[in-house]
Trainee: 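Dumping the structure here so I can ask a few things about it.
Just so it is clear, the values below take in all heavy atoms, side chains as well, and ignore hydrogens, waters and symmetry mates. A note on names: the letters A, B, ... follow the listed sequences, proteins ahead of strands, and every chain is numbered from 1.
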Amino acid sequence: MSSLESEYRLDYFEENDFERKECVSCGAHFWTRDHDRETCGEPPCDEYSFIGDPGFAESHTMEEMREEFLSFFEENDHTRIDPYPVAANRWRDDVLLTQASIYDFQPLVTSGETPPPANPLCISQPCIRMQDIDNVGKTGRHTMAFEMMAHHAFNAREEVGDEYAYEGEVYWKDETVQYCDEFFESLGANVEEITYIEDPWVGGGNAGPAIEVIYKGAELATLVFMSMEQDPDGEYELKDGNRYSPMDTYIVDTGYGLERWTWMSQGTPTVYEAVYPDMIAFLKENAGVDHTDEEEELVHRAAKLAGAMDIDEAEDMQTARSDIAGRLDADPEELTALMRPLEDIYAIADHCRTLAYMFGDGIVPSNVGTGYLSRMVLRRTKRLVDNVGVDAPLDELVDMQAKRLGYENRDTIRDIVRTEERKYRETLERGGRRVRQLAEEFAEKGEPIPTKELIELYDSHGIQPDMVQEIADERDVDVEIPDDFYSLVAARHDTPQQAETTTERDERLSDLPETERLYYDDQERTEFEAVVLDVFEREEGYDVVLDQTMFYPEGGGQPADHGHLSSEDGSVEVTDVQRRDGVILHRTTDDPGKGEFVRGQVDIERRRSLMQHHTATHIVGYAAREVVGDHVRQAGAQKGVERSRFDVTHYERLTREQVEEIERVANRLVRDNIPVKQEWPDRNDAQEKYGFDLYQGGIPPGEQIRLIQVADDIQACGGTHVRRTGDIGAIKILTTEPVQDGVERIVFAAGDAAIRATQETENHLRDAAEVLDVNPEDVPDTAERFFTEWKERGKQIDRLKQELAEARAAADAEEIDIGGTPAVVQRLDTDTDELRATATALSEDGKVAVLGSGAGGSAQFVVSVPDGVGINAGEVVGELAGMVGGGGGGPADFAQGGGPNADDLDEALDEAPGVLRNVLNA
RNA sequence: GGGCCCAUAGCUCAGUGGUAGAGUGCCUCCUUUGCAAGGAGGAUGCCCAGGGUUCGAAUCCCUGUGGGUCCA
């Protein structure tokens with residue numbers, strides 16, 4: 001085993017008289033120019049020494065500090081790159097949010113598959129980290145939203161030649177540390193006070209030496225030298241317990257926290273005051289937070305110690321705070337009362353910036369993915385705002401940040417915030433009612449509300465336990481909130497992980513050359529000639545590999561082509577086509593013979609329909625964006641022959657008017673008959689020119705990507721398309737449905753399928769019109785009239801039955817005497833409703849009623865007993881129903897029942913008087 | 001993507017296999033009146049849809065639809 005110690009012995013340190021030391025407090029190794037230094041410089045070993053005493057020559061705003069950084073590195077031969085969206089899932093599917101600048105270049109650039117947009121480069125990348133959410137506002141230094149300023153260099157070992165998308169070394173450790181040092185100097189920092197702490201970095205299967213850069217108690221930068229990958233036989237064992245070995249590429253990955261640097265330059269009590277001065281002033285004023293000079297002074301001194309407030313490290317907030325109070329010689333409660341509103345205000349400012357980033361970059365609130373995260377942040381922010389007593393609308397607060405960040409879609413952002421706020425309010429109202437009900441229930445029982453109910457309320461209804469507590473307090477009911485509440489909730493979600501289905505690798509397949517794809521050359525051609533390179537026998541049919549093909553393999557939501565392969569010996573049918581590692585497999589019914597020349601014929605009808613639907617998909621997406629807004633983005637798509645579906649992100653249900661408008665816009669584009677352009681630009685050029693909206697259908701690998709342009713809509717797309725939009729013929733939107741919160745599915749048909757679909761719906765209408773015997777246009781009115789009349793008649797029938805029943809009861813029926821009470825036993829052969837009404841009417845006249853019916857093929861009984869007569873109706877019904885092979889029951893004064901043997905009904909009724917007497921006697 | 005919850009009068013909801021209910025709102029009348037209100041009577045309903053179990057389903061089971069919520 002070898003440690004990384006030697007990795008840190010840099011020439012730069014040597015030449016500049018640095019000394020390697022071990023921190024007397026925490027034991028970490030670090031490098032410093034100050035030979036008397038004993039501690040590493042990082043809290044808790046050292047305190048902040050820049051509060052009220054800025055560490056740089058000049059005070060900078062966030063904007064100024066960003067510019068200082070970027071221009072410093074530009075002057076040092078780095079290319080400045082525009083930031084990427086905070087929604088990292090737009091270009092990679094393994095993470096949701098951008099948490100570091102290096103995320104922009106994973107996985108394709110770091111693996112060496114794709115060249116970086118520039119090398120070396122510098123950037124200031126907005127990031128969101130939800131992990132520290134509980135620290136935000138409290139520690140004075142944690143933020144959920146931040147910008148990571150960075151410079152990156154992508155290197156490949158000399159000996160691997162041009163195997164990767166970049167070659168050779170740009171620069172490595174010495175230069176990186178030197179840049180850092182020089183940047184500090186350029187800002188007028190006292191370089192004697194900087195410490196470089198050795199802190200190896202491990203993450204996501206990669207690792208390498210790394211250095212934390214500490215200045216005046218604050219961690220201002222991390223310099224990571226990504227150079228190793230996980231390898232069971234590797235020579236290095238790192239802190240995660242895994243073994244690592246060097247990789248062919250090695251990458252300089254730095255991170256300079258813009259907020260920290262800004263803070264350092266200003267020396268304000270907290271980072272928040274340095275980065276959001278205007279918003280904090282506004283919130284303080286709005287919430288009526290006003291401090292005396294002494295209070296201000298106390299807050300100031302507490303801030304210096306607040307670094308200890310990290311809920312991951314501190315035992316708990318309470319003790320951390322009393323500890324600080326003790327050291328300041330202040331009353332813990334007073335200090336808490338003073339700090340709490342400030343902490344909320346800091347958090348609100350930070351959260352609003354997070355929301356502005358999220359919605360500004362096109363995230364739509366939802367119950368899944370990034371949308372869910374945005375919903376959580378928004379709700380949390382709303383609670384904070386209410387808690388601290390800020391009465392400005394949330395959409396305005398978010399807009400303050402969106403404006404500062406320069407977003408252009410501010411109206412949409414505000415609209416999203418308002419919609420989401422309304423949904424939250426509705427949830428709270430619903431929840432509140434539910435909790436009140438529950439509280440009353442348990443108040444009556446005199447029991448506390450059990451944990452089980454709390455979990456149910458939270459998990460199924462989104463009600464926080466403290467809200468339950470609040471309402472329960474009003475009703476004087478106890479609540480049991482266990483400490484491990486959230487893990488109890490998590491336990492409810494424990495489901496066995498499904499095993500990943502591993503695709504088996506075929507040795508023979510990997511030896512074959514990539515199939516030449518003819519379908520991109522001429523998307524209209526359907527015939528071609530090819531040589532059969534190999535044939536794989538499968539469980540059902542054969543997989544045929546050709547040297548070139550016109551057949552489009554399933555991909556990008558477009559189903560595979562069908563058709564035939566013919567040779568002199570005959571013809572085989574192609575039923576499916578798939579692409580594996582560049583090799584296209586044609587699934588056929590028979591073996592065409594390895595080495596044969598074949599003529600391929602693609603099923604033209606199917607292909608044409610698929611092309612029409614595919615191009616139509618792009619058009620519908622474009623139209624939806626035109627009509628609904630720029631936040632509309634593809635969330636999935638599936639093309640078909642008869643219909644296609646296209647899922648779009650949107651924060652409300654689409655209205656019928658919007659759908660009609662989308663249809664109009666889409667068909668206008670069809671009528672305009674504009675050409676559909678295909679091109680293969682360099683991916684970095686395309687990205688720079690069009691942004692990440694290119695990748696709505698997924699991220700293709702490679703240095704070149706294929707772009708499809710229809711009007712102003714440009715998409716990275718591997719599918720086949722018609723030549724001009726007019727070739728689509730027509731687009732008909734069939735339905736829209738919500739797939740999940742924040743995502744609407746638009747189902748549509750294109751070309752002939754659109755005509756067929758329209759005819760089909762029209763036929764439904766005609767059929768309905770025929771049944772009603774009216775013209776199609778009269779169907780709605782007639783249907784409504786019929787429905788109303790139908791309801792009226794139902795009521796009329798009820799009334800008539802009631803009258804009939806009363807008339808029947810009044811009519812002279814044969815009465816028998818049961819212990820002094822008159823009883824009527826009668827067969828009526830009507831439905832149960834009528835039996836019931838008659839029996840009730842008879843009993844109101846003081847008679848026992850035993851009524852039977854054979855209507856509907858089974859025997860039915862209703863027995864009714866007047867008040868004060870000692871006969872149990874339920875027992876009578878039970879006896880009688882038993883005789884017809886069934887059962888029954890009901891309350892003592894009224895019961896019903898029956899059985900399947902209608903033939904025995906009369907017999908049973910004959911027995912009824914006897915049964916009544918028996919039950920009376922009993 | 002997965003788990004859970006919900007769907008009954010215009011609204012908020014009760015109803016766990018046996019005659020569909022309450023509160024509120026609505027309509028009519030009365031009382032009172034500056035307003036608010038008070039009293040009496042009345043109408044509310046494909047109990048989300050489809051299938052199944054049962055003599056019998058708002059109720060139990062399955063499928064679907066719509067809404068909510070938690071988690072990754």
Trainee: Ignoring hydrogens and geometry beyond distance, is a side-chain donor-acceptor pair present between A:Arg383 and A:Tyr424 at under 3.5 Å?
Mentor: yes

Trainee: Using only side-chain N and O atoms of A:Lys795, determine if any of them is under 4.0 Å from OP1 or OP2 of B:A43.
Mentor: no

Trainee: So, does A:Thr427 get its side chain near the phosphate of B:U69, meaning an N or O under 4.0 Å from OP1 or OP2?
Mentor: yes

Trainee: I'd like a list of close polar pairs between nucleotides 48-54 of chain B and the protein, N/O only, cut-off under 3.5 Å.
Mentor:
none

Trainee: Taking side chain as C-beta onward, heavy atoms only, is A:Lys801 less than 4.5 Å from A:Asp833?
Mentor: yes

Trainee: In chain order, what residues pass the ring-ring contact (aromatic ring centres under 6.0 Å, His included) check against A:Tyr458, with sequence neighbours excluded?
Mentor: A:Phe485, A:Tyr486

Trainee: Suppose we screen for salt bridge (charged side-chain N to carboxylate O under 4.0 Å, His left out). Which residues come up paired with A:Arg436, at least two apart in sequence or across chains?
Mentor: none

Trainee: Output the single nucleotide from B:C55, B:U19, B:C5 whose closest atom is nearest the side chain of A:Glu456.
Mentor: B:C5

Trainee: Just checking, any donor-acceptor pair under 3.5 angstrom between side chains of A:Gln558 and A:Gln638?
Mentor: no

Trainee: I want to know whether A:Phe692 and A:Trp91 have ring centres closer than 6.0 Å.
Mentor: yes

Trainee: Applying side chain to side chain contact (heavy atoms under 4.5 Å, CB included), can you list everything that pairs with A:Thr427, at least two apart in sequence or on another chain?
Mentor: A:Arg379, A:Arg430

Trainee: For every nucleotide of nucleotides 7-14 of chain B, 5' to 3': is a protein heavy atom under 4.0 Å from its base (B), only from its sugar-phosphate (S), or from neither (-)?
Mentor: -----SSS

Trainee: Please give the stem ranges for RNA chain B, sorted by first residue number, where a stem is three or more consecutive Watson-Crick or G-U pairs and both donor-acceptor distances are under 3.5 Å.
Mentor: B:1-7 with B:65-71, B:10-13 with B:21-24, B:26-30 with B:38-42, B:48-52 with B:60-64

Trainee: When you measure from the side chain of A:Ser853 to the backbone of A:Thr830, do you find a donor-acceptor pair of N or O atoms at a distance under 3.5 Å?
Mentor: yes

Trainee: Within a reach of under 6.0 Å around CD of A:Glu789, are more than 12 heavy atoms found that belong to other residues, nucleotides or ligands?
Mentor: yes

Trainee: Going by modelled atom types, is there a donor-acceptor pair between the base of B:G68 and the side chain of A:Asn367 at under 3.5 Å?
Mentor: no

